[in-house]
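Note sheet for the following structure.
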Amino acid sequence: MNASHESAPGGRSLALADVIDPALVHEVTDVTALGIDIGSRNSKAVLIHEGRLHTALLPTGINMQETAQELLDELFQGAGIALEDIDFIVGTGYGRVSLKFTTVPCEILTEISCHAMGAHYLNAGTRTIIDIGGQDAKAIQVDPETGKVVKFRMNDKCAAGTGRFLEKAANLLDLTMYDVGPESLKSQKELEVSSQCVVFAESEVISHRAKGEVAADISAGVHMASAKRVTSLLRAIPLESDIVFTGGVSNNVGMKRALEKLLDKTIVMPRLDMVFAGCLGAAVYAQRLAVEARKAQIATTAEGFDLSDLSRRIEDAELSLIERKDVKKVGTLCTYTPPELLTAAGVAFGRIDKCGSPPVVAEGEVIVKSVMCDMSKSVIGHFRTKDPFHDALDQVVTFYTCDTMRATSNAINHYFKPSYGYVVPRVGDKPSAREFFRGEMIAFKQDLEKLTGSPVEDAKLRESISLHRKLRQTVRKISELRKRNRPPLTGTDFLEITRAYRSLPAEEQLPVLDDLYQRLSAVPDDDAQRLRMMICGGIIADGDRRLMDLLEKDIGVQVVVEDHCTGLSPFYYDLQDSDDPYRDLANAYLDQAPCARQSPLTRRIDFAAMLAEEYKVDAVIYYTLKFCPSFAQTKGLFLRRFHQMGLPALDLDTDYSQGDTGQIKTRLEAFVEVLKEARKGTQGEKTACAA
């Protein structure tokens, strides 16, 4: 079975050393791994086994699982193995969600991630990928050090520039898909064909034929029009060499020539047909996932506890939301927005909570007031710069807490996307307030029904409520492991877990969280006394890990609990079941740890004090963004309570500019030094200190 052979179109067996970039071939493990790419027109598969790479390619049938099985049959025949010999399978592509394998560990990943990794392993210097398939085209920026996606753009709303467009043009020219590219190379003159719309382009092809233009010239014009459409995607990402061309259209020599002419750059041609780039990347990920699973089974110490698999799932969930065309997509701005209703409605959703770089913040400040917090500016800035996640959303939702988020929601609605706001009563313990909030829950449900065109059934909502209850309880159980003397996870790790709750589809989370809890529970405890820190205050956004890194990596302090809306706080509520799920939702969210906007403020301060006592913290960092209307203006009352409890508390007020990092580090180091000296002087007793 070591000899190269042809068993079907695209079916080959090759030595890995003859295909993989020499700089990376040593990273390919001995794991038998399978990558399957179910495309809109063709399906491909790559099997890595005993130092060889086996490929298979077939037209995608109506039943995608059957197509996958046909690919497997061909691969197994060529490699001389069976399904039980496979260690891990990763599915990708248009039809990946249809793949099911019950006897072999299996994951699904987006084709964007897989094309990037596949191109990286075929050419380690890859920085830019042009991926053109049957239904869409993508421009992908790749980190050459890791093969991971840095940035991407895709044309998911028009067929111009895709394989489907070229196929239509070929039919109009009485050519096949395999002939239309070579035919364009015979062109003697350039003909202008529209690159903006497939309908207009078809009309122009017909018009050129009626004028007696030759097929070669028309074909060249079609390819140039398609290439212009695709290269327009590259404007949003840095165009850097090496450039690699992947996807079903990558074998079209006419498209390659048109792209090189427009870009004035050479496209790298690796040693494997680039139609297999996606499934090769899937096979590489399958190898890594198999190795990660093995490591997880033997992990017994806290040092180096690996959450890379969870982070990968989060990244891929965001890419999947961006790619999906079969569901409506909703972004949320506040933890008062009930995911129970979003899950029941069948929409794809995620929290809009990315911190922005200074240029993104500056873009947001063009619209919102300069005295608003950097979180609001980041939200608007990401919409203005057409961040793929923000740009993919059909609708934005917020349950109003602070006035800044209300203004942000209004700006989104005015400039970018439909944005719906619902009012959270400031005083939540009155019967009238609870009845009003029940009405807001019903209004939210009705708006989701308008968005999706489908009813939200009470039975479905109750199932969703039950699922999210289990998820929150599991997250709380994981957090409680931090009450140990030796917490098995860091504060940064826990923020990644809460990020997963906000990002992953709810139905996928429970086995992941249960497995994580079991692995963390197995980490042994000890009797050593460590400095235990609590973070309190405003939001720590996705990507804003500066404070956590300074404390846990640079200074070596353990963050064991956090009282903010992306930490533990939103998980401290449970729904009580009754015959009215909307009343249950209203009561639960009004009974949760309240926002500092809510009245009376003492409820939130009491909650923060309770967490500090429950987790036996030694000190508190009160962290807020400048101009935060909820937590910055009320910090004096929080700090007073901590001091009354004998807890040292340091107040940090910052933004996303990063200009004050050195100052913050100096203050943290001095604060921790005082804590350590106080501990030495009083044999561990807490000492109040004002910052």
Side-chain angles (χ1 to χ4, degrees), residues 355 371-377 401-402 404 491-492 495 531-541 544-552 554-569 593-598 601-613 615-679 686-691:
C355 82
V371 293
M372 291 171 68
C373 72
D374 272 12
M375 184 70 237
S376 63
K377 297 172 188 174
T401 50
C402 72
T404 296
T492 302
L495 291 186
L531 200 59
R532 303 168 63 82
M533 198 74 72
M534 172 179 174
I535 307 294
C536 184
I539 185 171
I540 293 186
D544 179 18
R545 296 293 183 265
R546 178 175 52 157
L547 174 62
M548 306 301 293
D549 287 345
L550 289 173
L551 285 169
E552 296 188 320
D554 293 1
I555 301 175
V557 172
Q558 186 86 47
V559 175
V560 297
V561 70
E562 51 289 302
D563 175 28
H564 55 72
C565 68
T566 51
L568 178 60
S569 304
C595 178
R597 165 197 183 268
Q598 302 302 96
L601 178 62
T602 51
R603 282 187 61 214
R604 183 58 182 241
I605 296 175
D606 289 343
F607 178 79
M610 180 271 292
L611 282 185
E613 290 182 341
Y615 280 79
K616 297 182 173 61
V617 303
D618 297 299
V620 179
I621 305 293
Y622 193 86
Y623 175 86
T624 56
L625 292 173
K626 293 174 182 176
F627 311 119
C628 173
S630 298
F631 286 92
Q633 294 178 16
T634 59
K635 64 183 176 183
L637 297 174
F638 280 90
L639 295 173
R640 184 185 304 169
R641 172 65 70 86
F642 295 137
H643 293 157
Q644 290 171 349
M645 297 170 66
L647 282 176
L650 176 67
D651 169 29
L652 291 179
D653 187 30
T654 186
D655 54 30
Y656 294 152
S657 68
Q658 308 293 311
D660 57 354
T661 299
Q663 180 190 56
I664 289 176
K665 183 178 181 181
T666 300
R667 293 186 65 198
L668 288 172
E669 287 173 335
F671 182 62
V672 171
E673 190 62 33
V674 170
L675 292 174
K676 289 179 177 178
E677 289 299 321
R679 169 176 281 189
K686 295 172 184 166
T687 303
C689 76

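Since we're looking at a predicted model, the values are computed, not measured.
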State, yes or no, whether a side-chain contact exists between [X] and [Y] at a heavy-atom distance under 4.5 Å.
X    : Y    : result
L652 : L668 : yes
T404 : M375 : no
E669 : I555 : yes

Is there a donor-acceptor pair under 3.5 Å between the side chain of [X] and the backbone N or O of [Y]?
X    : Y    : value
R604 : Q598 : no
R545 : T492 : no
T624 : D653 : no
T566 : I539 : no
D544 : C355 : no

Next item on the list: Apply side-chain contact (heavy atoms from CB on, under 4.5 Å) to K665 and D554, showing your working.
Entry: CA-CA 9 Å; K665 183 178 181 181; D554 293 1; 3.9 Å; yes

Margin query: If we check side-chain contact (heavy atoms from CB on, under 4.5 Å) with C536, which of these qualifies: F631, F607, Y622?
Written below: Y622

[X] versus [Y], closest heavy-atom pair with distance:
X    : Y    : value
G491 : E552 : N-OE2, 2.7 Å
Y656 : A541 : OH-CB, 3.5 Å
T634 : A596 : OG1-CB, 4.0 Å

Inter-residue atom distance [X].[atom1] - [Y].[atom2], 0.5 Å rounding:
X    : Y    : atom1 : atom2 : result
D651 : Y623 : CG    : OH    : 12.0 Å
D374 : D655 : CG    : CG    : 5.0 Å
I535 : L547 : CD1   : CG    : 4.5 Å
I664 : Q658 : CD1   : CD    : 8.5 Å
T666 : F671 : OG1   : CZ    : 15.0 Å
H564 : M534 : NE2   : CE    : 9.0 Å

Next item on the list: Please test D660 against R546 for salt bridge (charged side-chain N to carboxylate O under 4.0 Å, His left out), starting from the C-alpha separation and ending with a verdict.
Entry: CA-CA 11 Å; D660 57 354; R546 178 175 52 157; 2.7 Å; yes

Next item on the list: Go through the steps to decide whether R532 and V561 satisfy the test side-chain contact (heavy atoms from CB on, under 4.5 Å), and finish with yes or no.
Entry: CA-CA 9 Å; R532 303 168 63 82; V561 70; over 6 Å; no

